[in-house]
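Positions are given from 1 along the sequence.
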Amino acid sequence: MCYGKCARCIGHSLVWLAILCIVANILLYFPNGETKYASEDHLSHFVWFFSGIIGGGLLMLLPAFIFMGLEQDDCCGCGGHENCGKRCAMFSSVLAALIGIAGSGYCVIVAALGLAEGPRCLNASGQWNYTFANTEG
């Protein structure tokens with residue numbers, strides 16, 4: 001079955017991309033490898049939305065594992081009906097894809113809002129604020 005092998009390949013790719021997204025989001029909490037920015041509350045408030053951990057990471061792992069398991073046709077085990085496993089596999093893949101779309105949408109929206117607001121910077125007067133928030137770039 002061709003679609004099962006393709007889905008399995010996509011699932012493996014999604015696992016590694018989700019892990020990469022989780023690691024990238026964790027690195028946002030430690031700019032320059034230091035913990036002082038988080039402890040002194042100098043991080044952007046969009047970092048605390050955990051978009052890479054939740055949206056790009058955990059909500060992507062669910063579709064990845066479902067896609068990796070689609071190679072078997074009997075995911076429901078419907079008492080001997082020969083097409084039931086295929087229908088269940090298709091239904092579960094559609095639900096998993098919707099969950100993945102929701103997670104990636106959350107991640108993209110939070111990232112776009114963070115880019116629009118800009119980073120939290122130390123300005124010339126010694127205040128931490130969003131210097132680029134009310135500018136045109």
Side-chain angles (χ1 to χ4, degrees):
M1 161 180 329
C2 183
Y3 76 88
K5 292 182 183 188
C6 180
R8 187 172 171 85
C9 179
I10 291 171
H12 284 291
S13 299
L14 281 177
V15 166
W16 290 111
L17 289 172
I19 291 171
L20 180 69
C21 199
I22 290 171
V23 169
N25 194 204
I26 289 172
L27 289 176
L28 285 175
Y29 296 98
F30 308 108
N32 297 330
E34 300 173 1
T35 60
K36 70 177 184 177
Y37 298 103
S39 63
E40 295 172 359
D41 195 31
H42 296 312
L43 296 177
S44 171
H45 61 271
F46 287 108
V47 173
W48 300 107
F49 287 178
F50 302 108
S51 64
I53 295 172
I54 295 171
L58 297 178
L59 287 178
M60 278 299 154
L61 287 176
L62 179 68
F65 291 135
I66 289 176
F67 290 161
M68 287 190 298
L70 283 180
E71 200 166 7
Q72 296 83 21
D73 283 337
D74 58 349
C75 71
C76 280
C78 297
H81 299 315
E82 75 181 49
N83 288 330
C84 183
K86 291 179 184 178
R87 278 187 256 143
C88 179
M90 292 302 290
F91 181 69
S92 65
S93 69
V94 168
L95 287 180
L98 289 175
I99 291 170
I101 288 170
S104 64
Y106 174 70
C107 193
V108 166
I109 289 170
V110 172
L113 291 172
L115 285 173
E117 186 173 79
R120 193 168 185 188
C121 301
L122 183 64
N123 62 14
S125 64
Q127 300 283 331
W128 285 89
N129 62 10
Y130 298 97
T131 308
F132 304 107
N134 297 323
T135 64
E136 293 185 22

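Both Leu28 and Phe50 are part of a single hydrophobic cluster, where members link through side-chain heavy atoms under 4.5 Å apart. One hydrophobic cluster holds both Val47 and Ile26 under the rule that ILVMFWY side chains link at heavy-atom gaps under 4.5 Å. Phe65 and Leu95 end up in different hydrophobic clusters when Ile, Leu, Val, Met, Phe, Trp and Tyr side chains are linked at under 4.5 Å. Tracing side-chain contacts under 4.5 Å through hydrophobic residues (I, L, V, M, F, W, Y), one never reaches Phe132 starting from Leu113; they form parts of separate clusters. Under the 4.5 Å side-chain heavy-atom criterion for grouping Ile, Leu, Val, Met, Phe, Trp and Tyr, Leu61 is not connected to Ile101 through any hydrophobic cluster.
Here the closest non-hydrogen pair linking Ser51 and Asn25 is N-OD1, 3.9 Å. Closest of all the heavy-atom pairs between Leu43 and Arg120 is O-NH1, 3.5 Å. Closest approach of Gly55 and Leu59 over heavy atoms only: O-CB, 3.7 Å. Nearest heavy atom pair, residue Cys21 against residue Cys107, reads SG-SG, 4.4 Å. Nearest heavy atoms, Gly100 versus Met60: O-CE, 2.7 Å. When all heavy atoms are compared, the tightest approach of Phe46 to Val110 is O-CG1, 3.9 Å.
In this structure, Phe91 places its CZ atom where only 12 or fewer heavy-atom neighbours from other residues, nucleotides or ligands lie under 6.0 Å away.
A distance of 8.5 Å separates CZ of Phe67 from OG of Ser92, quoted to the nearest 0.5 Å. One distance of note links CD1 of Ile109 with CZ of Phe49; it measures 11.5 Å at 0.5 Å rounding. The CG atom of Asp41 sits 10.5 Å away from the CH2 atom of Trp128 when rounded to the nearest 0.5 Å. Expressed to the nearest 0.5 Å, how far CG of Leu62 lies from CG of Leu58 amounts to 10.0 Å. Between the CG atom of Asn129 and the CG atom of Asn123 there is a distance of 4.5 Å, given to the nearest 0.5 Å. The structure places NE2 of His12 at 13.0 Å from CG of Leu17, a figure rounded to the nearest 0.5 Å.
Judged purely by atom type and a 3.5 angstrom limit, Tyr130 has no side-chain atom pairing as donor or acceptor with the backbone of Ser44.
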